[in-house]
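Down below is the structure, laid out as structure tokens.
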Amino acid sequence: MHDEPDDTGLDETGLDEAGLDEAGLDEAGLDEAGLDEAGLDDTGLEEELRALAARLEPVPDRLMQAAVDAYAWRTVDADLAELVFDSLADRDELAPVRGRQQERLLSFQASGLAIEVEVTAAGSSRRLIGQLVPPQQAVVEIRHADKVVTLTTDEFGRFAAGSLPAGPVSLRCGAGAGEARSAVVTDWVPI
Amino acid sequence: MPAGADPVQPPGDLVKAAASGDEAAWKGLVERFSGLIWSVTRAYRLGAADAADVFQTTWLRLAEYIGRLDHPEYVGAWLATTARRESLRASRASARVVPTDDDAVFDARQADAGKPGEATPEEAVLMSERADQLGRAFRALPAPCQKLLRLLMATPAPSYAEVAAALGRPVGSIGPTRARCLRRLREKLAWGKAG
């Protein structure tokens, strides 16, 4: 679906640059095999690669289905808490540790609420320990691929859940008491 | 016109429709951009589990941001950027685990031998020889060329803006680099035949 005007222009440029126009071929005196090879313009070669990739490495069906199903997780009534810190991405070089660190720290920030999470991995199983800041009691849903684990924080805003499978996760924090703040959902992060 | 019925419906329209609850429009986005996101995971050479995580996370992110995008018409570049960032995150994380075999990426030997489609046995042999040559020539390219071409190989074909987003590079660099990489691929193909 090359439907952009750019592409046509670039194909021509590519041909010129590669010196594969017919005059060039004659001058170079390429044998028939060479002619055949060079006769493919850039678009043709790219199409051939695309067909090969589609045959060898198609998007797995179960992932196509997962992409369709992702729509069901859409929330329309919640503030978004963005991932603002991930020890995996943001801290490895700054604070090298000996051996392999087992805990990963994630921070999510919405207006008026931060969610701090510590993830511990054991094989393909994950354990979450988290805290709402400022501390408050609230219902927290751990949204995980095809299920939801619902928890209530203690008076210090702490919560914990074990035996979660590895994969993308998002937390949803119910509205505060007396509607002091609206519900909050975090960015999805693979754990 | 029902959403998703038109294969060339502008992505921005699909985003707006999906944001207001149109599930068919969401499916339209999935069909249009899954190939691109998958190609990003292949271009960054992620293992199967990481690739699946990045792919799913990217779509889950879009579901959450669908009504919040500043430029719905650039949703393809937004998805490519998200997939790139998540791929880089996954690469760092999986420094902890056994890396995948580089040769397993885009390797004709992985082809499903029993799936030549409607081709006759003779055609299938020719197809697989050509696939083999292409695969070998491709893997002989420098890593940056492999990365760029693997992105361009997405189905349907991505725009240069989307490819640039997937690489974190300026759009203007894509066309010239593409031409250079395809020329090198032709050279490798020619040598492969000679040798």
Side-chain angles (χ1 to χ4, degrees), chain A residues 1-4 6-7 9-10 13-15 17-18 20 33-34 37-38 40 42 45-60 62-64 66-76 80 86 88-89 92 100 104 124 143 145 166-168 170 185-190, chain B residues 7-8 18 23 26-27 30 34-35 38-39 42 49-50 52-57 59-68 86 88-90 92-93 96 106-108 110-112 115 130-131 134-135 138 149-150 152-157 159-160 175 178-180 182-183 185-186 189-190 193:
Chain A
M1 279 186 218
H2 266 294
D3 51 1
E4 295 179 12
D6 282 52
D7 292 334
L10 279 156
T13 312
L15 272 173
E17 274 189 29
L20 295 172
E37 204 60 67
L40 284 170
D42 280 358
L45 186 55
E46 190 186 303
E47 284 303 325
E48 204 181 351
L49 288 170
R50 185 176 350 276
L52 194 59
R55 190 159 63 89
L56 298 184
E57 296 180 341
V59 185
R62 68 177 182 88
L63 289 184
M64 286 297 283
V68 171
D69 295 345
Y71 189 62
W73 290 104
R74 184 175 63 109
T75 55
V76 288
L80 197 65
D86 176 357
L88 200 61
D92 274 1
R100 271 302 161 193
R104 176 177 171 194
S124 60
R143 312 190 300 163
S170 160
V185 292
T186 71
D187 276 336
W188 286 87
V189 180
Chain B
V8 292
E23 206 172 334
W26 176 264
K27 282 184 181 160
V30 169
S34 282
W38 184 244
S39 287
R42 308 321 298 145
D50 282 341
D53 274 358
V54 167
F55 183 91
Q56 290 188 70
T57 298
W59 282 113
L60 288 162
R61 286 269 177 99
L62 181 63
E64 209 59 73
Y65 280 82
I66 190 98
R68 314 173 207 253
E86 290 304 314
L88 293 172
R89 184 200 307 276
R92 298 197 66 169
R96 294 172 303 180
F106 186 54
D107 188 340
Q110 284 186 316
D112 186 347
K115 208 176 156 189
R130 174 65 178 173
L134 264 183
F138 181 88
L149 291 181
R150 188 60 190 84
L152 287 164
M153 282 152 68
T155 303
S159 71
Y160 284 5
R178 167 184 179 268
R180 196 167 61 244
L182 287 174
R183 192 163 59 232
L185 183 66
R186 273 201 200 85
L189 277 169
K193 276 197 166 177

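Chain letters run A, B, ... following the sequence lines, proteins first, then strands; residues in each count from 1. None of the values given here were measured: they were computed from a predicted structure.
The most heavy-atom pairs under 4.5 Å with chain A, out of B/I66, B/L88, B/L185, B/L149, come from B/L185. When each of A/V189, A/V68, A/D69 is checked for heavy-atom pairs under 4.5 Å with chain B, A/V68 comes out on top. Contact count against chain A (heavy-atom pairs under 4.5 Å) is highest for B/A154 among B/A49, B/A154, B/S39.
Atom CZ of B/F55 and atom CZ of A/R62 lie 10.0 Å apart (nearest 0.5 Å). Here the CG-CD distance, from A/L63 to B/Q56, works out to 6.0 Å after rounding to the nearest 0.5 Å. Atom CG of B/L182 sits about 5.0 Å away from atom CG of A/L45, to the nearest 0.5 Å. A distance of 7.0 Å separates CD in A/E57 from CE in B/M153, rounded to the nearest 0.5 Å. Note that the CG atom of A/D187 and the OH atom of B/Y65 stand 3.5 Å from one another [nearest 0.5 Å]. Taking CD of A/E48 as the reference point, atom CG of B/L134 lies at 4.5 Å (rounded to 0.5 Å).
Within the 4.5 Å cutoff, the side chain of A/D42 has heavy atoms near those of the B/R186 side chain. Residues B/W38 and A/P58 have side chains not in contact (no heavy-atom distance under 4.5 Å, counting atoms from C-beta outward).
For A/A66, the part sitting under 4.5 Å from any heavy atom of chain B is the side chain, from C-beta outward, and nothing else. For chain A, the nearby part of B/E86 is the side chain; its heavy atoms alone come within less than 4.5 Å. Only the side chain of A/V185 comes within contact range of chain B, with heavy atoms under 4.5 Å apart.
The heavy-atom pair separating A/P168 from B/D53 by the smallest distance is CD-OD1, 3.9 Å. Nearest heavy-atom pair across A/A54 and B/T155 is CB-OG1, 4.0 Å. Of all heavy-atom pairs spanning B/S34 and A/A67, the tightest one is OG-CB, 4.3 Å.
Looking only at distances, a side-chain donor or acceptor of B/R92 sits under 3.5 Å from a matching main-chain atom of A/A89. Between the side chain of A/Y71 and the main chain of B/K27, no donor-acceptor pair closer than 3.5 Å is present.
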